[in-house]
Amino acid sequence: MTMKHFRTFWLLLTLMMVGSFTLTSCVDNQDNPSGGGGGSGDKDKKYVERLYPVVDPQQKSLGTVLLRFYNDMPNVAYISVSSFQEMMYPGTTIQVANFGDGKYVLTNPCGTAKVDTEKDLFMSNDYEAFTNMMGMVQPGMPNTTFDALPIIRWKSLDASPKQVDVTLDYGKYGIDIREDGENVYFPFATIADLYTDGYMHMAAFNGQTVMTAPNGAYSLDAGYPEFFITPILQEKRTSDMAEFSYKNLCFTMTNFFGYPGRTLLEKSMKEKGMDQALKDYGKAGEMTRELLLSTDMFNYISGTGALSFLLDDGGHTYTDVTVISDMKGNPSFVENLKSIRTTLLTEFTGYCPEYQPIKDRRSARTEIRNQLRTKREEKFGEDVHYVKVGNTVYCQFESFLCDDSGWRKFYKGEGPKPTIEEYPNDWLVIIIDALDKAEKDPEVKNFIVDISTNGGGSSDVVVFLSSLFCNRPDMYYENVLTGQKMKVTYEVDRNLDGKFDEKDKEVNINLNVGVIISNYSFSCANMLPAMMKDYGIALIGQQSGGGSCCVLFNPSAEGFGYRYSTHRARLINLKGENIDEGIKPDYQLENLDEFFDIAKVGKLIEQFYAK
């Protein structure tokens with residue numbers, strides 16, 4: 001039986017057994033006995049159901065949703081799988097088939113999963129498909145990494161192996177999946193973590209409001225907004241929330257972390273789980289664990305800061321909820337937090353011998369960036385992005401982010417194509433303008449892209465440049481949870497005329513391209529040199545700074561936002577190797593002044609292509 005036939009079979013079976021799911025209203029604060037038929041004891045548990053508003057990060061109303069609070073965990077919200085699917089991906093739902101003894105089959109338009117509510121297991125042979133919401137970004141798109149900049153669009157995804165059985169054991173972490181005979185209920189934060197994707201589709205609940213991000217990354221540019229965070233800024237946490245929040249965090253970080261290869265906890269965490277890894281990590285780990293379990297909110301938030309250090313991976317992972325959550329809404333709380341947090345983290349660092357070496361490495365990278373920027377400005381002047389020396393052009397490329405508003409208007413037919421005059425600070429416009437000038441100048445043979453002070457940005461821009469330089473619009477990564485190797489291919493509007501057509505094939509860069517990298521070059525500025533290395537483009541400078549995982553914005557159980565390296569996409573090279581250690585240049589530059597010796601770098605580029 002093919003997967004298509006398998007899914008059709010389950011869908012028909014489900015429809016016959018339970019029919020379609022309908023969201024029902026409920027009187028607030030009314031105790032209701034749950035429906036029977038599960039066999040797991042859930043039918044004997046009483047609960048309260050309440051209707052809550054759903055908004056986006058800009059506070060636009062998106063309707064309401066019904067949440068459930070069981071008497072044994074009165075402060076921990078639960079949500080039915082059908083309601084969650086409908087809320088996250090409007091127009092879709094999950095069909096729920098009850099097979100007795102707490103066993104259910106869940107079928108949505110993208111995939112199928114099984115849940116055992118007695119053993120608290122989630123099982124699927126295509127977990128990525130089941131949690132896929134990328135069809136909202138581009139119809140038919142699978143669950144892959146994409147920032148949806150209009151200059152590229154998804155074309156295909158090849159996975160090896162095609163499918164992998166995944167079993168997530170929530171019971172091992174004390175997380176209870178519940179049912180009432182008609183539907184399956186997950187803790188809200190737990191199912192939110194299951195679905196959060198590389199486009200930053202997410203959902204969070206702060207006790208008063210549910211916030212979702214239908215527009216993903218673009219609606220979360222400023223992190224979790226003040227209006228949503230302010231209600232959470234209370235001095236105390238309830239004991240049931242504190243316990244559940246820790247269990248959920250342990251599950252999420254153990255199972256969904258990207259394990260880039262450099263963090264202090266990850267070896268032990270991968271083998272034993274985060275809770276045991278903290279217990280085994282001496283006083284620093286024990287203190288972090290105690291803080292995360294505390295019913296004192298100041299202590300808890302300080303604990304997220306301590307954990308953030310133990311999982312430091314160079315700049316992608318910040319479990320410290322103060323990084324992604326806007327906490328300005330309660331000044332007195334914030335002031336008290338600063339004082340308490342400083343005291344506690346000072347105590348923590350005293351227990352952690354690795355603190356100073358890691359801090360020194362961070363400082364060294366920042367110092368390299370600062371020195372390079374100073375030397376660049378001394379040599380070329382401030383904000384000079386295009387310099388020509390002889391037959392070589394130098395382009396400073398500081399970020400893989402761009403002013404996407406101008407490009408979106410252009411591709412919708414609502415505005416002109418962005419130009420350097422209109423968008424002088426748009427890094428995509430800057431490099432396109434530099435390439436255009438260089439191509440039109442008959443004296444120019446070599447083109448230098450300087451990403452030595454570039455800290456990352458959008459992988460869409462990386463794919464765009466890779467397509468221009470090498471005619472390779474691909475991205476390679478692995479899913480750490482499933483072990484699958486992925487190759488995703490995009491269509492690229494290479495001539496930036498607002499269309500994806502045959503004319504794009506006519507675009508060619510007739511220049512010798514070289515990329516300057518440093519130890520500061522991180523994330524997308526590590527991804528681009530990895531691809532250039534594979535595709536035969538010259539690299540000059542120092543070994544890049546690493547950063548192989550894409551990131552997710554996740555909600556804590558209370559509703560705070562945090563960020564971490566995701567299992568969904570750990571970048572690899574063509575050999576299938578993790579690129580977190582950084583990429584070695586073809587020509588090492590020991591003296592930072594040499595980074596801006598355009599004549600010398602130009603000769604190195606010519607030497608590289610003369611081989």
Validation: residues 335-342 side-chain donor-acceptor distances under 3.5 Å, sequence neighbours left out:
unit_1 : atom_1 : unit_2 : atom_2 : d
Asn336 : ND2    : Ser332 : O      : 3.4
Arg341 : NH2    : Asp320 : OD2    : 2.1
Thr342 : OG1    : Lys338 : O      : 2.7

Could you walk me through whether Asp326 and Phe227 pass side-chain contact (heavy atoms from CB on, under 4.5 Å), step by step?
CA-CA 9 Å; Asp326 188 338; Phe227 83 85; over 6 Å; no
Would His201 and Thr196 count as a side-chain contact (heavy atoms from CB on, under 4.5 Å) if you check the C-alpha gap in whole Å, the side-chain angles of each, and the deciding distance to 0.1 Å?
CA-CA 6 Å; His201 289 122; Thr196 302; over 6 Å; no
Assess whether ring pair (Phe, Tyr, Trp, His ring centres under 6.0 Å) is satisfied between Phe298 and Phe333, documenting all intermediate values.
CA-CA 9 Å; Phe298 299 122; Phe333 180 94; 4.7 Å; yes
Is the count of non-hydrogen atoms from other residues, nucleotides or ligands lying under 6.0 Å from Glu422 atom CD greater than 12?
no
Asn526 side chain vs Ile579 backbone, donor-acceptor pair below 3.5 Å
yes
Side chains of Leu149 and Val461: closer than 4.5 Å at any heavy-atom pair?
yes
Mind checking side-chain hydrogen bond (donor to acceptor under 3.5 Å, both in side chains) for Lys575 and listing every partner two or more places apart, or none if nothing turns up?
none
For a 4.5 angstrom cut-off between non-hydrogen side-chain atoms, does Met327 reach Thr322?
yes
Kindly say whether Asn510 contributes a backbone atom to a donor-acceptor pair with the side chain of Glu439 at under 3.5 angstrom?
yes
Under the 3.5 angstrom rule, does the side chain of Gln371 hit a backbone N or O of Ile368 as a donor-acceptor pair?
no
Can Lys437 be said to sit on top of Tyr386's aromatic six-ring, NZ or CZ under 6.0 Å from centre and within 45° of the ring axis?
yes
Minimum side-chain heavy-atom gap Asn578-Arg570 below 4.5 Å:
yes
Please examine the side chains of Phe595 and Ser452, heavy atoms only from C-beta on, and report whether any two atoms are closer than 4.5 Å.
yes
Is atom NZ of Lys603 surrounded by more than 12 heavy atoms (other residues, nucleotides or ligands) closer than 6.0 Å?
no
Using side-chain contact (heavy atoms from CB on, under 4.5 Å), reason through Lys375 and Asp593 one step at a time and then give a plain yes or no.
CA-CA 7 Å; Lys375 290 179 181 296; Asp593 290 314; 3.1 Å; yes
Determine yes or no for a side-chain-to-main-chain donor-acceptor pair under 3.5 angstrom, with Asp460 supplying the side chain and Ala148 the backbone.
yes
Would you say the side-chain atoms of Ser565 and Asp313 include a donor-acceptor pair closer than 3.5 Å?
yes
How about Lys611: does its NZ atom have over 12 heavy atoms from other parts shown lying under 6.0 Å from it?
yes
Note: Ala203 and Ala192 closest approach over all heavy atoms is O-CB, 3.5 Å
Neighbour count >12 (heavy atoms, 6.0 Å) for atom NZ, Lys409:
no
Lys600 NZ: over 12 foreign heavy atoms closer than 6.0 Å:
no
Passes side chain to side chain donor-acceptor pair (under 3.5 Å), Asn330 versus Thr230? Steps please.
CA-CA 6 Å; Asn330 187 335; Thr230 299; over 6 Å; no
Tell me if the NZ atom of Lys155 is crowded by more than 12 foreign heavy atoms within 6.0 Å.
no
Test Tyr562 against Phe553 for ring pair (Phe, Tyr, Trp, His ring centres under 6.0 Å), laying out the working first.
CA-CA 6 Å; Tyr562 67 96; Phe553 283 11; 9.7 Å; no
Using modelled atom types and a 3.5 Å cut-off, is there a donor and acceptor pairing between side-chain atoms of Lys584 and backbone atoms of Gln543?
no
With side chain to side chain donor-acceptor pair (under 3.5 Å) as the criterion, how do Asp56 and Ser219 come out once you've worked through the C-alpha distance, each side chain's angles and the decisive distance to 0.1 Å?
CA-CA 8 Å; Asp56 70 8; Ser219 53; over 6 Å; no
Sole residue of Leu552, Thr263, Leu311 in side chain to side chain contact (heavy atoms under 4.5 Å, CB included) with Thr317
Leu311
Could you tell me whether the side chain of Asp403 and the main chain of Asn425 form a donor-acceptor pair under 3.5 Å?
no
Any sub-3.5 Å donor-acceptor pair from Lys487's side-chain atoms to Met475's backbone N or O?
no
Compute whether any side-chain donor of one residue and acceptor of the other, for Tyr411 and Asp493, lie under 3.5 angstrom apart.
yes
From the list Gln396, Arg369, Glu398, side chain to side chain donor-acceptor pair (under 3.5 Å) partner of Thr453 resolves to Glu398
Ignoring hydrogens and angles, state whether a donor on the side chain of Thr366 or Tyr520 is under 3.5 Å from an acceptor on the partner side chain.
no
Classify the side-chain pair Asn391/Glu606 by whether it contains a donor and acceptor separated by less than 3.5 Å.
yes
If you measure only the distance, is there a donor-acceptor pair under 3.5 Å linking the side chains of Ser521 and Asn454?
no
Do Ser523 and His316 have side chains that get closer than 4.5 Å, going by heavy atoms?
yes
For the residue pair Ile537 and Tyr609, establish whether any side-chain heavy-atom pair is separated by less than 4.5 Å.
yes
Looking only at heavy atoms, which two atoms of Ile448 and Gly602 are closest? And how far apart?
CD1-N, 4.5 Å
Which of these, Glu491, Arg472, Arg494, sits in a side chain to side chain donor-acceptor pair (under 3.5 Å) with Ser467?
Arg494
Give the minimum heavy-atom separation between Cys395 and Phe447, together with the two atoms involved.
CB-CZ, 3.8 Å
Could you walk me through whether Leu62 and Thr212 pass the side-chain contact (heavy atoms from CB on, under 4.5 Å) test, one step at a time?
CA-CA 9 Å; Leu62 301 174; Thr212 69; 3.3 Å; yes
Who pairs with Asp193 by side-chain hydrogen bond (donor to acceptor under 3.5 Å, both in side chains), at least two apart in sequence or on another chain?
Asn248, Thr252, Asn554
Which pair of heavy atoms, one from Glu266 and one from Arg262, lies closest together, and at what distance?
OE1-N, 3.3 Å
Say whether, by atom type as modelled, one donor and one acceptor occur between the side chain of Tyr199 and the main chain of Thr144 under 3.5 angstrom.
no
Arg376 and Tyr394 side chains, donor-acceptor separation under 3.5 Å
yes
Examine the side chains of Trp407 and Asp426 and answer whether a donor and an acceptor come within less than 3.5 Å of each other.
yes
Tell me which one of Leu291, Thr288, Leu292, Leu249 satisfies side chain to side chain contact (heavy atoms under 4.5 Å, CB included) with Thr304.
Leu292
When you compare the side chains of Asp534 and Asn573, does any donor N or O come within less than 3.5 Å of an acceptor on the partner?
no
Just checking, Arg153 and Phe500: is the charged tip under 6.0 Å from the six-membered ring centre and within 45° of the axis?
yes
Counting C-beta onward and ignoring hydrogens, is there a side-chain heavy-atom pair between Trp154 and Met134 closer than 4.5 Å?
no
Give a yes or no on whether the backbone of Asn519 and the side-chain of Arg365 come within a donor-acceptor separation of less than 3.5 Å.
yes
Does the side chain of Tyr355 come within less than 4.5 Å of Phe309's, by heavy atoms?
yes
Does the Ser459 side chain pair with the main chain of Val462, one donor and one acceptor, at a distance under 3.5 Å?
no
